[in-house]
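Since the structure comes first, as C-alpha cells, the remarks are kept for the end.
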Amino acid sequence: MDALVSINWVLLAASLMVAATPILLAATGELVVERAGVLNLGVEGMMILGAISGFAVGVRTGAPILGFAAAALAGAALSLLFGLLTQILLSNQVATGLALTLFGLGLSALLGQGYVGIKTPVLADWNVPVLSDIPVIGPVLFRHDPILYLSLLLVAGVWAFLRHTRAGLILRAVGESHDAAHALGYRVVAIRLAAIAFGGALAGMGGAYISLVRVPQWTEGMTAGAGWIALAIVVFASWKPWRVLLGAYLFGGIAVLQLNLQAAGLKVPVEILSMSPYLVTILVLVIISSDRSRAALSAPAALGRTFHASS
Amino acid sequence: MIRLEKRPSPSQGWTAATPLLAVALTMLAGGAMFALLGKDPLAAIRTIFWDPLFGEFAWYFRGQLLVKGGPLILIAIGLSLGFRAGIWNIGAEGQYIMGALAGAGLGLALYPDAGRWVFPLMVAAGAAGGWAWAMIPAILKVRFRTNEILVSLLLVYVAQNLLASAALGWLRNPEGAGFPGSRNLSQWPAAANPELIPGTGMHWGVVAAFLAVIGAHVLLSRHQLGYHIRLAGQAPRAARFAGVSPGRLTVFCMGVSGALAGMAGLFEVTGPAGQISIDFASGYGFTAIIVAFLGRLHPVGILLAGLLMALTYVGGDNAATNLGLPAAAIQAFQGMLLFFLLSVDVLTNYRIRFGRREIA
C-alpha cells in the first residue's frame, strides 16, 4: 500500500494524457483509414519514421513544431507508398502493411544514426489562461503542449466529419461497399489514397510526440509497439472516434500507472509491470471481440478487401 | 491509357520470375540508398552479395550462410502454412523467444546431467514452448474471434519482457558473478548444438530446417490437410462447404508455426548464441515473414529465399566491417525487398493492357 500512497495522483493524471497522445493520434488516423475500407498494418513503421524525422528536424531547426510538420509529411509519404502498392498495384493489404512496418523500422534506425543521445528543444507547455489556475483540474487538463490539444480537436473533427459531412458519408460508403460507391461514380481509389495519407500523417505526428515530448530523445525502436496498440484500440473502439479517445486514455493510464509503480518500488518484478500494457490490450481485445453482434456489426464491411474496377 | 486486366489464373511464368525481378529492383534501389549514404554502390552490392560467396574469406562466410539461414527457413516454413490459409501469425519472434526459454529452462534444470537424452528433451521443450505461445492467439481467435495478427504481435513484447527477466533473474548463471545471462549451453556437451561438419555451419537446426522443407512439401502436395490449407486460403467459402473446419485449421497452422519457431529458438540458444541473454532475440521471427513471401509460400522457394536472406545478413556484416555501412541499412534493404516483391506481384495476377478499352 505504501507504493500507492507515495504516488502523486495529480501528476499521474496529467502524465496520463501525455502518455496517451501518441496512440490517440495514430489510432484516430487509422480509424479514418479503416472506415475507408483499408487495413494499414504499417502504423508502427509510420510512427517510428515520424519519430526520427520529427526529432531530426526538431534538433536541426530548434523548433519542435516544425518537427511535427516534418513527421506528418514523412508519415504521409510512407503511407502513400502503402497506398501505391495496395490501391494501384493491388497488393495484399496485410502483407504490405507488415512490409511498411519492417521497412520503417530499418529506415528510421538508418536515419537516426547521428541522433542517439542528443537532446532536443522541448515543446513549451501552453497554459490556458484562468483555467490552468484551477486547483487539481488546472494542472491535469490545462497545462499541456499545443499538440495534445490538437489531438483532442482532431478526434472531435474526425467525429464531426464522419457523422455530419457529405464527404464523410462518401468515405464511409467507400468503406462499406467499394463496388456500390464505384457504381455511384465516386472515385474509390482517390478517396482511399486521401484517407491513407491522412492516417499516415497522424501516425507520423504520434511518433514525433514520443520522440519530441514524451521521452524526449531518440532511441532505435522507441515506439515499442505503440502502433500495434493503436491498431488494437481502433478495434476496441468499434471504429467510433470518441471510443478511440476512451481507449487511448485507458491505455495511457495503465502505461503511466505501471511506470509510477516501478518508480515507487512496488514488490512486483519490473518486467511484469512493463508487460502489463500489452496484456491489458490483449484482454480488452478479447472482451470486445467475444461480443459477436457488436464486433461484426461495427467493422467496415469492405475492410481489407482489394478494389479492382473490373467492369 | 494503361489498365490492369485480371488473369483467369495466376501466371506460372511470372510466379517464378517475380522474386528475381524484385531482387534485381531491390539491388538498384539499395544501390541508390548506399550512394546516398556516401558509399560506392557497386562496391556495397559486391561486398554484400558476391564476396561472401566467392571472395577471399568465402570459406568463413559460407558456413555463416547456413547458421543464419537455418532459423529463417525453419520459421518461414511454419509461417507459410498459415499465410496460405489466411491465418496471420506474425508473432514468430515471441514464439522463438519462448521456445528458447522453455528449452533452456528445462536443460538448466537438469544441469549438470550428462545423459544423451538431455538435448532431445530440450528440443521437445523448445517446440512445446513455441507451440504454447502460439496457442494463445489461436485459441483466442477460435473461441472469441479475436484478431490473431494483433494478439500474436503484442505477445512478442510480452515475450521480450520475459526474456529480460529470465536473463537478469530466474535463469541467470549462478556462477556468473552476477552478470546477466544464463550458463553457456553451447559449452555443456549434453545440451550443446555443435557444428556437425566443421566449416559448413551445419548444426541440428539446419538439419531440422531441411526436414521441415521436405515435410511441408509432402504435406502441401500429397496430403489432404495440405489441400485443405490451400483451399481455405483461396476459397474460404468453398472450404467451409467442403467441411473444412476453420477453427481446427487455425489451431493446426498456428501450432505448427509456433512449434517450429520455438525449435529454431532452442537450436539458436544451444548453438550459435550459446546462452540466454537480454539481446538474444535478433529479429529472425520478423525477417522470416519476408522469407516466406519471397519464397512464394512454397517450401522450395522458402529454402532459396532463406539462403538469400541469410546472404544479406552475412554480406551486411561484411559491409559493416569493411565499408562502415550501418547495420540498419541492411534492415531497410530487407524491408525494401518485400516492398518490391509485393509490387511486382501485380504482374502475376494481372495483365497490363495499353490503349483504350474497346466497347464490348
Side-chain angles (χ1 to χ4, degrees), chain A residues 39 41 44-45 81-82 84-86 88-92 94-113 220 224-225 227-229 231-232 235 269-279 281-282 285-292 295-296 308-311, chain B residues 3-6 33 37 83 86 88 90 136-137 140-141 143-147 149-151 153-166 168-169 283 286-287 289-290 292-293 326-347 349-350 360:
Chain A
L39 180 64
L41 290 179
E44 178 84 2
L81 197 59
F82 171 87
L84 170 74
L85 258 68
T86 57
I88 294 168
L89 297 175
L90 307 174
S91 67
N92 178 306
V94 172
T96 313
L98 288 175
L100 201 67
T101 291
L102 294 172
F103 179 66
L105 287 170
L107 186 63
S108 64
L110 189 59
L111 294 172
Q113 294 270 307
E220 266 183 42
W228 296 102
I229 289 167
L231 279 161
V235 178
V270 173
E271 289 83 8
I272 304 283
L273 286 174
S274 352
M275 67 174 78
S276 62
Y278 307 106
L279 289 175
T281 308
I282 293 174
L285 270 181
V286 170
I287 293 169
I288 290 296
S289 51
S290 63
D291 186 347
R292 182 185 281 268
H308 179 232
S310 50
S311 56
Chain B
R3 66 197 162 79
L4 299 172
E5 183 183 288
K6 191 152 177 76
M33 180 177 81
L37 289 168
F83 290 177
W88 300 93
I90 60 169
I136 301 172
L140 291 181
K141 180 178 173 70
R143 183 78 185 73
F144 301 109
R145 290 169 305 281
T146 313
N147 184 319
I149 301 177
L150 293 173
V151 175
L153 195 282
L154 288 169
L155 283 172
V156 173
Y157 295 96
V158 178
Q160 281 172 348
N161 275 302
L162 282 172
L163 173 70
S165 77
L168 298 170
F286 293 119
T287 312
I289 298 173
I290 305 181
F293 280 110
I330 292 305
Q331 216 188 332
F333 192 79
Q334 291 172 344
M336 222 185 259
L337 179 57
L338 184 50
F339 263 133
F340 278 114
L341 186 74
L342 291 166
S343 48
V344 293
D345 233 11
V346 73
L347 298 169
N349 294 317
Y350 295 87

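Just the heavy atoms: all of them, side chains too, but no hydrogens, waters or symmetry mates, feed the values below. All chains are named by letter (A, B, ...) in the order of the sequence lines, taking the proteins before the strands, and each is independently numbered beginning at 1.
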Fill in: Contact leader toward chain B among A:S276, A:S91, A:G225, where contacts are heavy-atom pairs under 4.5 Å
A:G225
Fill in: Structural part of A:L85 lying under 4.5 Å from a heavy atom of chain B
side chain
Worksheet, complete the sentence: One should read off an interatomic distance between A:I229 CD1 and B:Y157 OH, to the nearest 0.5 angstrom, of 8.0 Å
Discussion item. Heavy-atom pairs under 4.5 Å with chain A - which of B:P137, B:A164, B:A159 has more of them than the others?
Written reply: B:A164
Response to the item:
One should read off an interatomic distance between A:F103 CZ and B:Q334 CD, to the nearest 0.5 angstrom, of 12.0 Å
Worksheet, complete the sentence: Bottom line for B:Y350: the part with an atom under 4.5 Å from chain A's heavy atoms is side chain
Worksheet item: Side-chain contact, heavy-atom cut-off 4.5 Å: A:V235 with B:N147?
Response: no
Worksheet item: Quick one: side-chain contact (heavy atoms from CB on, under 4.5 Å) partners of A:L84, sequence neighbours excluded?
Response: A:I88
Item to complete: Under 4.5 Å heavy-atom distance to chain A, tell me which part of B:L168 shows up: side chain, backbone, both or neither.
Response: side chain
Worksheet entry | Residue part contacting chain A, namely of B:L154, when any heavy atom lies under 4.5 Å | both
Item to complete: First locate atom CG of B:L140, then atom OG of A:S290, and finally report the distance between them rounded to the nearest 0.5 Å.
Response: 10.0 Å
Worksheet item: Do any N or O atoms from the side chain of A:Y278 and from the backbone of B:L155 form a donor-acceptor pair under 3.5 angstrom?
Response: no
Response to the item:
With chain B, the option among A:E220, A:Q113, A:E44 that has the most non-hydrogen atom pairs under 4.5 Å is A:Q113
Worksheet item: Looking at A:T281, A:L231, A:I282, A:L107, which has the largest count of heavy-atom pairs under 4.5 Å with chain B?
Response: A:I282
Item to complete: Would you name the heavy atoms of B:L150 and A:W228 that are closest together and state the gap between them?
Response: CD2-O, 3.8 Å
Discussion item. Among B:F333, B:F293, B:F83, B:W88, which residue has the highest count of heavy-atom pairs closer than 4.5 Å to chain A?
Written reply: B:W88
Worksheet entry | Engaged part of A:V286 at the chain B interface, taking heavy atoms whose separation is under 4.5 Å | both
Worksheet item: Which residues pass the side-chain contact (heavy atoms from CB on, under 4.5 Å) test with A:L102, sequence neighbours left out?
Response: B:F286, B:I290, B:L338
Worksheet entry | A:S108 OG to B:Q331 CD distance, which is reported to the nearest 0.5 Å | 7.5 Å
Worksheet item: How far does CG of A:L41 sit from CD1 of B:I90, to the nearest 0.5 angstrom?
Response: 6.5 Å
Response to the item:
Applying a strict 4.5 Å limit to non-hydrogen atoms, the region of B:I149 in contact with chain A is side chain
Worksheet entry | For chain B, the option from A:T96, A:L285, A:V94 that forms the most heavy-atom pairs under 4.5 Å | A:V94
Worksheet entry | B:L342, part contacting chain A, at a heavy-atom distance under 4.5 Å | both
Discussion item. Counting heavy-atom pairs under 4.5 Å with chain B, which one of A:A224, A:G45, A:A232 comes out on top?
Written reply: A:A224
